[in-house]
Amino acid sequence: MWNETKTELKTEGGESTWITLRQILRELHQVSGFRIAVYDSVSRQEVCAWPEEILPLCRAIQKNSQGLKCCRENDEKAFDYVEKTGKVKIYRCHGGLYEAVAPLYDGDFLSGYLMMGQTLDSRKFSRNQVMHRAEEFVPEKEQLEKLVDKIPDRSLEQIRSCIRIMEICAGYITLSRRYQTGEQRPIWQVRRYLEENYTEEITIDLLCRMFHMSRASLTGEFRQAWGTSIHQYVMKLRLDQAEILLNRPGLSIGEIAERCGFSDPNYFTRAFRKRYGAAPSQYRKSNFPKMS
């Protein structure tokens, strides 16, 4: 897992401030305006990001199975390049957005990747290219235009400057050992179990017995590692899957709730409305009119 051990820095007045990996990502986001994420080098899964949510356009593209496949293939190619060369990879994804990946090391061992994205440059034809590339996955033109308008844009020089800052941050994370591998540690196994079994009934007591951890260690280490509680993490997994299933014809709201691990459809509706601002049926009608 990534290490949240804190680094103490001294201000001119002698006061102390503590810096964690999550804070580094947040500060880098504040400077660049782009989403910043850390991926593990073994699983190649995202383990930490700021902000947590991806761009609305990327979410829309990933609702399409082919779009999601393209996203993952782009990431894999970038990770392969960084692992092979040890250099930063700058590229444009299948949606036409700029991304960059830098290596993170634990000693001499590649422990992870620092990713910055997604953005486009401020040239008008670049925005048109994104519209053209994304229309395969988001066919509704009016919806697509709104999503593209939300993408932050920068001049090419600003993008290059932000990537150089990201590279410096990657070096700092490496030197300060902010991200260390440890996929075999119990808390990693807990996360993997949740991702593979989130549709089942899961309790803290069950996880404690399975992974031989006390309640305090389990909940404390999980929150320290991923910045959220186990309950919130499982809820996110379930609601993410529910959003995907709403795009499938022939499934009722009750069936979707059951497939995502909700035994009570009413509770599912309340949880979905809290996150997305609309009940599942309303969300389906607004975002997938052909399903209605």
Side-chain angles (χ1 to χ4, degrees), residues 22 25-39 44-79 89-102 113-156 158-163 165-166 169 226-228 236-237 239-244 246-247 275-278 283 286-288:
R22 190 174 298 277
L25 302 189
R26 183 178 62 192
E27 296 300 330
L28 187 51
H29 167 72
Q30 292 287 349
V31 171
S32 66
F34 309 143
R35 186 174 189 267
I36 314 297
V38 170
Y39 285 74
R44 291 188 167 180
Q45 296 295 310
E46 182 180 296
V47 296
C48 184
W50 196 280
E52 190 171 305
E53 294 294 332
I54 62 177
L55 283 178
L57 176 64
C58 296
R59 278 184 60 190
I61 289 175
Q62 291 181 10
K63 288 177 186 176
N64 179 291
S65 59
Q66 186 59 35
L68 178 60
K69 180 181 178 182
C70 290
C71 287
R72 289 176 174 170
E73 288 177 349
N74 280 331
D75 290 348
E76 288 293 330
K77 288 178 182 178
F79 295 152
K89 174 68 174 178
I90 305 169
Y91 61 100
R92 296 181 73 178
C93 70
H94 61 288
L97 302 178
Y98 286 95
E99 297 182 330
V101 178
Y113 310 94
L114 185 63
M115 176 179 283
M116 174 184 281
Q118 293 70 30
T119 187
L120 51 76
D121 64 70
S122 52
R123 296 173 296 182
K124 184 176 180 180
F125 73 84
S126 294
R127 191 171 292 273
N128 292 336
Q129 283 182 341
V130 172
M131 289 284 296
H132 178 69
R133 292 189 185 190
E135 64 184 2
E136 175 184 355
F137 311 108
V138 188
E140 296 291 336
K141 186 175 181 180
E142 185 176 346
Q143 179 193 11
L144 180 57
E145 288 176 346
K146 291 179 180 178
L147 294 174
V148 173
D149 284 342
K150 294 179 181 180
I151 302 172
D153 60 25
R154 301 288 187 276
S155 70
L156 288 173
Q158 286 175 319
I159 292 173
R160 284 191 286 266
S161 294
C162 288
I163 292 171
I165 293 172
M166 181 195 75
C169 287
W226 290 288
T228 187
K236 181 179 185 300
L237 292 172
L239 292 177
D240 284 347
Q241 180 64 11
E243 186 184 24
I244 293 172
L246 283 171
N247 191 25
R275 179 173 178 182
Y276 293 104
Y283 188 89
S286 298
N287 292 274
F288 314 111

Shortest non-hydrogen contact from Ala60 to Leu147? CB-CD1, 3.6 Å
Identify whether the distance between the nearest side-chain nitrogen and carboxylate oxygen of Glu99 and Arg92 falls below 4.0 Å. no
Taking atom CZ of Arg123 as the centre, does the number of heavy atoms from other residues, nucleotides or ligands within less than 6.0 Å exceed 12? yes
Under the side chain to side chain contact (heavy atoms under 4.5 Å, CB included) criterion, do Arg127 and Leu120 qualify, and how do the steps go? CA-CA 7 Å; Arg127 191 171 292 273; Leu120 51 76; 3.7 Å; yes
Within a strict 4.5 Å, meaning less than it, do heavy atoms of the Leu57 and Ile61 side chains meet? yes
What is the minimum heavy-atom distance between Tyr283 and Leu246, and which atoms define it? CD2-CD1, 3.8 Å
Test item: Arg154 side-chain N/O and Ser32 main-chain N/O as donor-acceptor pair under 3.5 Å: yes
Taking the basic N atoms (NZ, or NE/NH1/NH2) and the acidic carboxylate oxygens, is any pair closer than 4.0 Å for Lys141 and Glu135? no
Would you indicate whether the side-chain heavy atoms of Met166 and Leu28 approach each other to under 4.5 Å? yes
Validation row: Tyr113, Lys89 side chains within 4.5 angstrom (heavy atoms): no
When Arg35 is tested against each of Glu52, Glu53, Glu46 for salt bridge (charged side-chain N to carboxylate O under 4.0 Å, His left out), which residue passes? Glu46
Heavy atoms only: give me the nearest Leu144-Met131 pair and the separation to one decimal. CD2-O, 3.5 Å
Side chain proximity check, Thr119 to Leu55, heavy atoms < 4.5 angstrom: no
For a side chain to side chain contact (heavy atoms under 4.5 Å, CB included) check, start with the C-alpha distance between Arg26 and Arg22, then their side-chain angles and the critical distance, and finish with the verdict. CA-CA 6 Å; Arg26 183 178 62 192; Arg22 190 174 298 277; 5.8 Å; no
For the pair Arg44 and Asp75, find out whether any cationic side-chain nitrogen is under 4.0 Å from an anionic carboxylate oxygen. no
Please report the closest heavy-atom contact between Tyr91 and Ala78, naming both atoms and the distance. CE2-CB, 3.5 Å
So do Val101 and Phe79 actually touch side chain to side chain, heavy atoms under 4.5 Å? yes
Gap between atom CD1 of Ile54 and atom SG of Cys71 - 0.5 Å precision: 7.5 Å
Distance from Met115 atom CE to Tyr39 atom OH, nearest 0.5 Å? 5.0 Å
Got a second to check how far Cys58's SG is from Lys63's NZ, nearest 0.5 Å? 12.5 Å
Correct closest heavy-atom pair for Gln118 and Pro152 would be O-CG, 4.0 Å
Within 6.0 Å of CD in Glu142, more than 12 heavy atoms from elsewhere: no
Distance-only, no hydrogens or angles: does the His29 side chain make a donor-acceptor pair with backbone N or O of Phe34 under 3.5 Å? yes
Nearest heavy-atom pair of Lys150 and Pro56: which atoms, and what distance? CD-CG, 4.1 Å
So, does Ser122 use its side chain to make a donor-acceptor pair with the main chain of Asp153 at under 3.5 Å? no
Cationic N near anionic O, under 4.0 Å, Glu243 to Arg59: yes
Quick one: does Gln62's side chain get under 4.5 Å of Ile244's, heavy atoms only? no
Value for CD1 (Ile159) from CE (Met116), rounded to nearest 0.5 Å, stands at 10.0 Å
Salt-bridge test for Arg275 and Asp240: reply yes if a basic N is under 4.0 Å from a carboxylate O, no otherwise. yes
Do Phe137 and His94 have side chains that approach each other closer than 4.5 Å (heavy atoms only, starting at C-beta)? yes
With a 4.5 Å heavy-atom cut-off, do Cys162 and Val31 have their side chains touching? no
Worked check of side chain to side chain donor-acceptor pair (under 3.5 Å) between Asp121 and Tyr98: CA-CA 8 Å; Asp121 64 70; Tyr98 286 95; 3.0 Å; yes
